[in-house]
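Notes follow once the structure below has been shown.
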Amino acid sequence: MVKRSLQASLAGIQQARKAFAHKGWTQDNLAFEVNLKTRQPIWRFFSGRPVERHIFIDICSVLSLNWREIAANPPEEFSESKELSTAEFLDIDALVQQVRSQRFDKIQDQCGTLQLLDVTRPVRIDDIYIDVNILEEIASLQWLEFADLQNFTSKEFDRFGLGEVSQTQMAGITAVQTYSKLRVLGKPGAGKTTFLQHLAIQCNRGRFAGNRVPIFVTLRDFADKSREVGEFNLLNYICEDFLTCGISDPSVLETLLLEGRVLLLLDGLDEVLHQQSKGVVNEIRRLSEKYQKNMFVVTCRTAAKALNVKRFTNVEIAPFSQDQIVAFAQKWFTAVTKTNMQDKQEQAFEFIEKLDLPENLQFQRLAITPLFLHLACWVFHHQNKFPTQKSAFYKQCLDLLLGKWDETKAIERDEIYQGFLLPQKLKLLSQVASATFEQGNYFFEQHIVEQHISDYIGDLPNASTEAEELELDSKGVLQAIELQHGLLAERVRGIFSFSYLTFQEYLTARKIAGSYNLQALKQPLERLVTHITEPRWREIFLLTVAMLRNADFLVLLMKQEIDALAAQDPYLQKFLTWASQKSLLASESAAIRAFYLALARTPHLTPYFALVCIFDQDIFLDVALDNLVMECESNFADVYGCNDAVSSALAIVQDAGLHQVLQQLKDLLPDPEQSRESIQTWWQTSYPAWMEQLKTAIAKHRNIEHHWHFSPQQQQVLQQYYDANQLLIDCLNSNCEITDVVRQEIEASLLPIEELSKREWQGL
């Protein structure tokens, strides 16, 4: 029998203390991680006293130590003379505990760590795992009309992707407890394998399904072994796994299965080659029906609809919520980075804070998937910011999905693409993305996307000219894209979209930029600028300008399109000319033009420009004069208010002529001590002429008109003019390749609006 307690050697204690100090924990922290109610076993462990075997192993596991290296006189591996047999056990609970004990190290080694992408060392699953949620309704199996999805905005598209249309969520472990036969679906990188590993570890430690023996099977390994031996027999495969733990009697596994004491975790059904999938599915079905009292969990990519297992309940891993993103980031920076604990926590906080900024919306869209959230954390850790060149990050994500992700997991796929290289896959997806985005579609029917694929395949060398063959090929390619990459996803029956709007935008921009970079075609850029007033095209502009080898032509086209917005309206031209003339009086003319544009349209917002006023005396004076007019117009019966407003303006006016006129106007105001009747008479008889003299003086000396009046249509044009200028500024500031001559030419005549970025004009 195995020793029931273990104690650490002197050398082991020193090694454990070093690992404990590196964690920065207290003994209470460690007790919590090991799921202990008191820290007494922790104290006994570090003082070299005997500790229950499973607790000893748990402590070493949490500290990332090999318990055999820490223990004094660790037990030998099981020999033939100590083989386990069911004849020794009349109590099934004792058999379960004995098997769990013998297989404990096997499960810990098999499931206890993760190899994160681009991270050179394994990470303990406990240090990174976040509890997942489950959707009980599979969106792609629902029936919706195309018209129900056709008018979705980008925000509604995001909510749809988060399962907020009709699905309810439950905790992942709750789903396993609820359904004894469960098929867990999810996109690539959604965390399916990690979820199964977590279940195995929790069961191994007795924290979940404590009366069962966890068995973890990678189905592609089982399929490969079955191909070697010439038969699919999952029971024999598991018996061989038991043999490596010193359990050679097949009746042990048989007894556990008959008594319903196994938690069988089967990972990656979609990773099995097509010609082997039927045999694997049949074997899972056979075993689950024969030993139905056990718990079975199978993982599979959502798109693998044909790999359905009879009498299994299908659920889908839900995208990360905001709380899960925060929790994952905090764990990630603690577990992966090598800085001190305070720096880890500070960087995690900064990551979460910056991820929530509006300019990082595209990263937020991707962060709902653990794989892309890991990549975002990795990039942020090395750059201490989110990349300004978003296109490079998106390309990395696509390269990962289109091949590298399967390569890192050593997954062999059926060759459906028939010679498609990575650039060809990107070109095909870019064609689909640009065609659907140009038509304003985030969602598209299956026959539409198949037609786009067929058009692309038809242009390839040696392509078939048979319509039926092209149709079959396009169906196969669509299935491959959905299954292998998850870039195109069936949202509801027969209706597809890109799995992430960010990728549709990136691929659309990639096609536009590629046409100009490789073939010097101007038409794609000319078509692009016709969308400059459409908000949904904003990200396309920013991505395209970043991907162009030289963006001179595009930004000049944008400037021309912006100027044309108000070119046909003389009143708007007069207004913009006035704003430009006013700005010439100031040192920073570009920013000042933006201020006067706001001042004329929304004088009530002038307090928001106090910061600008501090840096520019001309603006400060014009704000004071504008407030003077507003005060005298809105509070015309308030003598004290008008007096104070004129006095404030006089205090800062340096122009002698304007100062003299304002002083004369102030002297014309009635004495506040006069009777109410006298003051009222003055307002009725003299105020209109007094007010007109004030406006005339200001217009003469400061060139300020009070006030511009715009029709609703003109307000809309000015709003578009403002937004388009803001977009052009953002493009110029995006580190794109623009020659100095073109940059200076645009900036000299541009209406930049950095100073207006904090306010909106809606509702004027």
Side-chain angles (χ1 to χ4, degrees), residues 1-2 4 35 52-54 57-58 78 80 82-108 110-111 172-184 195-219 222 232-267 280-299 309-313:
M1 298 291 291
V2 181
R4 302 186 66 86
N35 201 30
E52 286 188 44
R53 184 177 188 273
H54 73 93
I57 294 174
D58 266 6
F78 297 102
E80 290 295 321
K82 296 180 181 179
E83 286 180 2
L84 183 63
S85 170
T86 54
E88 301 177 43
F89 292 90
L90 298 177
D91 183 355
I92 186 63
D93 290 324
L95 177 62
V96 169
Q97 294 306 315
Q98 183 62 40
V99 173
R100 284 161 61 96
S101 178
Q102 286 191 233
R103 287 179 47 78
F104 187 92
D105 290 349
K106 168 78 174 183
I107 295 296
Q108 286 296 129
Q110 189 179 19
C111 302
I173 284 187
T174 302
V176 178
Q177 292 169 331
T178 304
Y179 305 105
S180 61
K181 298 178 183 179
L182 196 66
R183 191 172 76 131
V184 179
F195 175 55
L196 241 56
Q197 289 181 227
H198 172 72
L199 291 175
I201 293 297
Q202 294 301 98
C203 182
N204 204 36
R205 295 172 178 169
R207 301 176 187 175
F208 170 72
N211 63 341
R212 298 178 189 268
V213 173
I215 300 173
F216 187 96
V217 176
T218 301
L219 288 174
F222 166 59
F232 290 93
N233 193 311
L234 191 52
L235 196 61
N236 288 347
Y237 182 80
I238 297 172
C239 282
E240 289 187 15
D241 183 62
F242 270 41
L243 186 60
T244 64
C245 303
I247 306 173
S248 61
D249 185 353
S251 65
V252 172
L253 177 59
E254 181 80 12
T255 300
L256 292 171
L257 287 167
L258 287 170
E259 294 294 329
R261 294 306 188 94
V262 169
L263 170 63
L264 186 54
L265 306 167
L266 306 168
D267 185 45
V280 171
V281 169
N282 286 339
E283 187 61 11
I284 295 172
R285 178 191 54 77
R286 186 186 68 80
L287 201 67
S288 64
E289 290 179 353
K290 183 177 180 179
Y291 304 106
Q292 55 186 299
K293 290 193 292 185
N294 300 278
M295 298 174 70
F296 299 84
V297 186
V298 182
T299 63
V309 187
K310 289 183 178 179
R311 298 183 178 87
F312 272 64
T313 298

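Here the structure is a predicted model, which is why all the values come from computation and not from measurement.
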Distance-only, no hydrogens or angles: does the [X] side chain make a donor-acceptor pair with backbone N or O of [Y] under 3.5 Å?
| X | Y | answer |
| --- | --- | --- |
| Lys181 | Ser288 | yes |
| Arg212 | Leu264 | no |
| Asn204 | Phe104 | yes |

Euclidean distance, [Y] [atom2] relative to [X] [atom1], rounded to 0.5 Å:
| X | Y | atom1 | atom2 | value |
| --- | --- | --- | --- | --- |
| Asn211 | Arg100 | CG | CZ | 8.0 Å |
| Phe242 | Arg103 | CZ | CZ | 4.5 Å |
| Ile238 | Ile215 | CD1 | CD1 | 4.5 Å |
| Leu287 | Glu283 | CG | CD | 6.0 Å |
| Leu263 | Gln202 | CG | CD | 11.5 Å |
| Ile107 | Gln102 | CD1 | CD | 13.0 Å |

For residues [X] and [Y], determine if any side-chain heavy atom of one lies less than 4.5 Å from a side-chain heavy atom of the other.
| X | Y | result |
| --- | --- | --- |
| Leu258 | Tyr291 | yes |
| Ile284 | Leu219 | yes |
| Lys106 | Asp241 | yes |
| Leu257 | Lys290 | no |
| Cys111 | His198 | no |
| Phe195 | Thr299 | no |
| Ile92 | Leu95 | yes |
| Gln177 | Phe208 | yes |

So, for [X] and [Y], which heavy atoms are closest and what is the spacing to 0.1 Å?
| X | Y | result |
| --- | --- | --- |
| Pro250 | Ser248 | CD-O, 3.1 Å |
| Ala209 | Met295 | CB-SD, 4.4 Å |
| Val213 | Cys203 | C-SG, 4.5 Å |
| Val280 | Phe232 | CG2-CE2, 3.8 Å |

Among Gln292, Arg286, Arg285, whose side chain to side chain donor-acceptor pair (under 3.5 Å) with Glu289 holds?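 Testing Glu289 for a side chain to side chain donor-acceptor pair (under 3.5 Å) against Gln292, Arg286, Arg285 leaves exactly one candidate, Arg285.
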Are more than 12 heavy atoms from other residues, nucleotides or ligands located less than 6.0 Å from atom CZ of Arg311?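 Check fails, neighbour count at 12 or below.
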Check Val262, Leu253, Leu256 against Val99 for a side chain to side chain contact (heavy atoms under 4.5 Å, CB included) and give me the one that passes. Leu256
With sequence neighbours left out, what residues match Phe222 under ring pair (Phe, Tyr, Trp, His ring centres under 6.0 Å)?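 Expected list: Tyr237.
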Ser101 and Arg53: side-chain donor and acceptor closer than 3.5 Å? yes
So salt bridge (Lys or Arg N to Asp or Glu O under 4.0 Å) across residues 250-265, not counting sequence neighbours, yields Asp93-Arg261
Taking only residues two or more places apart in sequence or in another chain, which ones pass side chain to side chain contact (heavy atoms under 4.5 Å, CB included) with Ser180?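 So Ser180 forms no side chain to side chain contact (heavy atoms under 4.5 Å, CB included) with any residue.
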